[in-house]
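In this text the structure is predicted, and so the values were computed from the model without any measurement. What you see below is based on every heavy atom in this structure, not just the backbone, and it leaves out hydrogens, waters and symmetry mates.
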Amino acid sequence: MSFLNDPGFALNIFSDAEVERIHEEALKLLETTGVAVEEDEFREFLFKKGARPGGGQLVRMDRSLVAEALKTVPKSLTLYTREGEAACFMGGTSQNTYYNPGGCSINFMEEDGRTVRPSRAADQLELSALVEALPNVDMQSDTVTLHDMPDRLGDPYGAYLCFRHCSKPMVGGQISFGTLDDTARVLAAMAGGAEGLAAKPRLLMDCTPTAPLKWCSLASSTITGCGKHQIPVEFISVPMPGAVSPATLAGSVLLHTAETLSGLVMTQMVRPGLPVVYGGAPMYFDMATSKSLLAGLESILMALGTTQMGKFYGLPTHAYAALSDSKFIDLQAGWEDAFTGLLALLGGINSVSGLSQLDFCLVSSSEKLVAANDLLGKFKRLRRGIEVNDQTLAADLIARLGPGGDYLTQRHTLQWFKKEAYFPSPVVDRKGRLEDGASGTTAPDLVARARERKKKLLASLPEDPRFPTREDMDKTMIEILKKHGLAKAPCGPDF
């Protein structure tokens, strides 16, 4: 077994004693300082369930509430495909890592790899279709903001587009207030009904507190809506050292811990047993540029620390990685993708967001997503490690051929060479310089190779994919569009 699949392996940032101390300090913060809850009705609900008033919007939570929540929350989670097949198992003793394109970029990069414009529904459709075609990308997401749809329809329509063109599980969110019921209707229609969706969840719903220690009305409505529809919640606390969290990385992890534990308590008060992913998007606030870095060394250090805390609580984990703060698909993007993505794998982070994203998550690119597929292929081959048995050691073959032996012509080579190696797509350049021209100067660069690969992948997919519940999902989406006064949508369904 590869060491990466060994439940005993962990890339730890903290010692056991340090984890215990962070946990204890987080409990003290929740008991004495508390968290601010903006929504009056939700705050009163929490008080009825055992939380204590702290004055104004403050809600205090005794450690007994945290302990009770940790008893009722499931310690693992399985996500399912559109058709109801098990796809992603997170938590427990699993070290599985699943990657998705990332969420809510407001801009989209054109095929030239330079031009950026506001994102729209057709971009989401293309990205989800690519996730379907890319074998190493595990999950899809509401990757871009739909600027050509009204805010109140962006969330349900985004989920509709995702599952219309991709069967893989999804990471989504409630970006606009009051949209979760409509999104749940779309998901239930796809799953054959509300009971089918509850039994086999297809989506993780992101929920983000407002650092430091605040829960706005949108976040609390997400928690209550997910409880109502039995949709797993993925908490995304966003510490930024020196800006909205302590300038120290340890202090920022502590703040993240307190925020996430408070969210855990809330979900279990709303619906005991509702699955929760212990996630986050730690950003390092660069004092030199005033930019919030997701791909910085400090960011991934915090992500590994928050993941260790999540594993301490026995919960599935999430972070942002395999993404870049660069504006373009360049060398910086390559090494930031590889560095953060590999550390996420080594840290056993279950759900990883960011494959398509650039420029501090503001931009998504189809070409970057296509290129990332081969990076993930290398990660998955790494996870397999080196198999040791009589066949792979090949001691008899070595002895038989002896010094100077020719392995190229052996049956053993024919049997094993495809199994042992990862063979990348044409996006990865493995040609010699002279194979692409007299001097090699005319060879296509990575963006051009990814663009060509993207076109071939999209051409290989059905233009109008069919699946058993497609008509039900179309009908439901049309009803939602009409309810909100729309006579058509950018990418269907046809009325």
Side-chain angles (χ1 to χ4, degrees), residues 11-14 19 22-23 25-26 29-30 35 73 77 90-91 97-100 102-104 139 141 171-173 204-216 219 222-223 232-246 248-267 275-285 292-323 325 340-341 343-354 357 360-361:
L11 180 63
N12 288 332
I13 299 299
F14 303 119
V19 168
I22 293 170
H23 168 64
E25 294 294 344
L29 282 171
L30 293 178
V35 294
V73 67
L77 166 68
M90 304 179 184
T97 301
Y98 304 101
Y99 295 84
N100 71 77
C104 303
M139 300 172 65
S141 58
V171 178
L204 279 178
M205 184 66 74
D206 285 347
C207 183
T208 304
T210 305
L213 301 173
K214 294 181 181 179
W215 292 89
C216 68
T222 299
I223 292 172
V233 178
E234 182 172 83
F235 284 117
I236 310 290
S237 174
V238 188
M240 281 187 273
V244 295
S245 64
T248 54
L249 303 190
S252 293
V253 171
L254 171 58
L255 183 75
H256 177 285
T257 306
E259 287 180 348
T260 308
L261 286 178
S262 68
L264 171 67
V265 170
M266 293 174 190
T267 58
V276 166
V277 174
Y278 192 98
M283 301 181 186
Y284 190 74
F285 186 71
S292 300
L293 309 179
L294 271 159
L297 169 62
E298 299 81 6
S299 303
I300 192 64
L301 272 173
M302 286 188 285
L304 291 170
T306 61
T307 295
Q308 192 175 348
M309 296 306 301
K311 290 181 180 294
F312 170 73
Y313 298 120
L315 296 176
T317 57
H318 161 275
Y320 272 77
L323 77 174
D325 296 323
T340 61
L343 285 176
L345 182 77
L346 294 173
I349 301 174
N350 297 134
S351 172
V352 177
S353 301
Q357 295 184 301
F360 318 105
C361 279

Set of side chain to side chain donor-acceptor pair (under 3.5 Å) partners for T340, sequence neighbours left out: none
So, using side chain to side chain contact (heavy atoms under 4.5 Å, CB included) as the criterion, who are the partners of S353 when residues are at least two apart? N100, H318, Y320
Nearest heavy-atom pair of L294 and P282: which atoms, and what distance? CD2-O, 3.8 Å
Does any donor atom in the side chain of S262 or W215 lie under 3.5 Å from an acceptor atom in the other side chain? yes
Say you draw a straight line from CG of D206 to CD1 of I236; how long is it, rounded to the nearest 0.5 Å? 4.0 Å
Are L254 and L29 close enough that some pair of their side-chain heavy atoms sits under 4.5 Å apart? yes
When rounded to the nearest 0.5 angstrom, what is the spacing between CZ in F360 and CG in L293? 6.0 Å
Ignoring hydrogens, what is the shortest heavy-atom contact between T317 and G348? Give both atom names and the distance. OG1-O, 3.7 Å
To the nearest 0.5 Å, what is the distance between OG1 on T257 and CD1 on I22? 6.0 Å
Sorted by chain and number, sequence neighbours left out, side chain to side chain donor-acceptor pair (under 3.5 Å) with D325 holds for none
Flag the pair Y313 / T260 as yes when at least one side-chain heavy-atom distance between them is below 4.5 Å, and no otherwise. no
Might you work through the side-chain contact (heavy atoms from CB on, under 4.5 Å) test for Y98 and M90, ending with a clear yes or no? CA-CA 9 Å; Y98 304 101; M90 304 179 184; 4.1 Å; yes
Exercise: identify the closest heavy-atom pair between G354 and L323: O-CB, 3.1 Å
As a quick check of understanding, evaluate side-chain contact (heavy atoms from CB on, under 4.5 Å) for L261 and V265, giving each step before the final call. CA-CA 6 Å; L261 286 178; V265 170; 5.6 Å; no
If you define the side chain from C-beta out and look only at heavy atoms, does anything of E259 sit under 4.5 Å from L30? no
Is there a side-chain contact between V73 and L264 in this structure, where contact means two heavy atoms from C-beta onward sitting under 4.5 Å apart? yes
Between H256 and Y278, is the gap from one ring center to the other below 6.0 Å? yes
Would Y99 and M139 satisfy side-chain contact (heavy atoms from CB on, under 4.5 Å), going step by step from the backbone distance to the final call? CA-CA 6 Å; Y99 295 84; M139 300 172 65; over 6 Å; no
Heavy-atom closest contact (V238 atom, A281 atom, distance): CG1-O, 3.3 Å
The side chain to side chain donor-acceptor pair (under 3.5 Å) partners of T222 (sequence neighbours excluded) come to Q174
How many angstroms lie between atom CE of M283 and atom OG of S252, to the nearest 0.5 angstrom? 12.5 Å
side-chain hydrogen bond (donor to acceptor under 3.5 Å, both in side chains) contacts in which one or both residues fall within residues 292-310, not counting sequence neighbours: none
Measuring from L249:CG to L304:CG, what's the distance to the nearest 0.5 Å? 11.5 Å
Contact summary for A219 and T208, nearest pair of heavy atoms: CB-O, 3.7 Å
List for me each residue that meets side chain to side chain contact (heavy atoms under 4.5 Å, CB included) alongside P275, sequence neighbours excluded, and say none if there are none. P74, L77, P232
Value for CD (E234) from OG (S351), rounded to nearest 0.5 Å, stands at 4.0 Å
Run L301 and I13 through side-chain contact (heavy atoms from CB on, under 4.5 Å) and show every step you take. CA-CA 8 Å; L301 272 173; I13 299 299; 3.8 Å; yes
Locate the shortest heavy-atom distance separating G347 from K311; write the atom from each residue and the value. O-CE, 3.4 Å
